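Keep in mind that what you see is a predicted model, and the values were worked out from it rather than measured.
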Amino acid sequence: MGARMIKIFNKYLIKRSFYFSLSILLIFGLLDSIFILISELEKNSSEYTFFHILKYVVFSMPHNLLDFIQGACLLGVMLSLGMSHEEGNLNVLRSAGKSPLVIVFTSSIGALILVLSMLALDEIAFRKLYVNEEAERNILLNKEINYGDEINWIKSGNSFLGFENIVDEKIFNVNFIKLQDKEVIYSVKSDVATISNNKIIFDKESTYKSFTDNVDKKNIEFFDIPIQSKITFSNIKHLGLFELNFYRQIFDGSTIKKDILFKSHIDKSFYNKIFLPISSLILILFFGSFIFTSLRDSTIGNRVVVSVVGAFVYQLIQDLSSGIFISYGLTIILGVILPSVLLIVASMISYKKI
């Protein structure tokens, strides 16, 4: 077989795995969005209307897709390889001297392009879109009942600041209290305010309440917000790589037990994102070998089950491994990559048997 023909087959495998993976990812995302929509409809109110619910579900979907990217890519590559095997393309490539490992790796390129693209888009836009919609959702729900995340309180000088979340230069569900001689002189409440250096800028819709006479309303309050207060356990997952790395450096060297635990969870999220393309590739290489062995003559349904279960079990083992390393204060990066190392060993054994 000529080099040109092999090149055509390779491009075909890459394109097919990419389109299959993308289609499956969108299906997973659509199913997840339907479940979220059903759940959110129970919270429907005069403030949190169907339009807001639909907007929240639609704008949250792109970021949520990262939760399904590994399973979608594995399933896409498995289906791509399975169909190519049924068409006889894999036998043609093998007769041309291509090893099963090279064939699976070539097919995985399309899926890896999808993983890298999703990570980049999430870093640039999807993540911020989700967090902003989540904050807006909680604000609308809070107008009816006390819904949303727990309020965080911090102190600076004679002022107290309560807030739900901070996203870039925006602070949500703000409660500001000013004291003088240990007595409250006024308070400000706002759904959203802007942070600029050590200043909090309230909008015109903020609610101002004075407890003493001769106190003018202020749209700007000076308040020094500690960097550590800008993140919580609940939003670590939604931080970008640069933010995660920044906070890792902030907590690096701290001997406080609470800080060490917090940094461990930041490290886990950081390394999970860094190694997502690598772990996806290793997962594909391992299960891809089954196409030439146990799944060679299996049905599409069997391949789907193996892929979905395989991705789920791998994610479960990775979370368990990371959790154990966090509990015992061990190096987090080892806990994240340990399942991948085990899969590499298993893959080497599997390919040697082909």
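Of all heavy-atom pairs spanning L74 and I284, the tightest one is CD1-CA, 3.9 Å. The two residues K273 and K237 have their closest heavy-atom pair at NZ-O, 4.1 Å. Taking each heavy atom of M61 and L30 in turn, the nearest pair found is CE-N, 3.7 Å. Taking every heavy atom of both residues into account, S340 and Y314 meet most closely at OG-OH, 2.6 Å. The shortest non-hydrogen separation linking P100 to Y351 is C-CE2, 3.8 Å. Taking all atoms of both residues into account, the shortest heavy-atom contact from L129 to F59 is CD2-O, 3.7 Å.
Checking side-chain atoms of S269 against main-chain N and O of I266 turns up no donor-acceptor pair under 3.5 Å. Here the side chain of S322 pairs no donor or acceptor atom with the backbone of D319 at under 3.5 angstrom. Side chain of S33 to backbone of G29: a donor-acceptor contact under 3.5 angstrom is found. Checked by atom type and distance alone, the side chain of S350 never pairs as donor or acceptor with a backbone atom of A346 at under 3.5 Å. Side chain of S99 to main chain of V102: a donor-acceptor pair is present (N/O by atom type, distance under 3.5 Å, no hydrogens or angles). A distance-only check finds a donor-acceptor pair linking the side chain of S17 to the backbone of I14 [under 3.5 Å]. With S321 contributing its side chain and I317 its backbone, the two residues share no donor-acceptor pair below 3.5 Å. For the pair K189 (side chain) and D191 (backbone), a donor-acceptor distance under 3.5 Å is absent. Between the side chain of S60 and the backbone N or O of V57 there is no donor-acceptor pair closer than 3.5 Å. A side-chain donor-acceptor contact under 3.5 Å links S108 to the backbone of F105.
Using the six-membered ring where Trp is involved, F176 and F223 have ring planes that are perpendicular, over 60° apart on the 30 and 60° scheme. By the 30° and 60° cut-offs, the orientation of the rings of Y48 relative to H52 is parallel.
Scanning for side chain to side chain donor-acceptor pair (under 3.5 Å) contacts around N245 gives R248, with sequence neighbours left out.
How far CD1 of I260 is from NZ of K257: 9.0 Å, rounded to the nearest 0.5 Å.
Heavy-atom contacts from other residues, nucleotides or ligands closer than 6.0 Å to NZ of K55 number more than 12.
When each of S84, S107, S80 is paired with R16, the side-chain hydrogen bond (donor to acceptor under 3.5 Å, both in side chains) condition holds for S84 and for no other. The ring-ring contact (aromatic ring centres under 6.0 Å, His included) test with F251 is passed by exactly one of F270, F262, F246: F262.
Using a 4.0 Å cut-off between charged nitrogen and carboxylate oxygen, E221 and K178 do not count as a salt-bridge pair.
Counted by atom type alone, S206 and D203 present one or more donor-acceptor pairs between their side chains at under 3.5 Å.
Using a 4.5 Å cut-off on side-chain heavy atoms (C-beta onward), I274 and L241 make contact. Between F28 and L75, some side-chain heavy-atom pair lies under the 4.5 Å cut-off.
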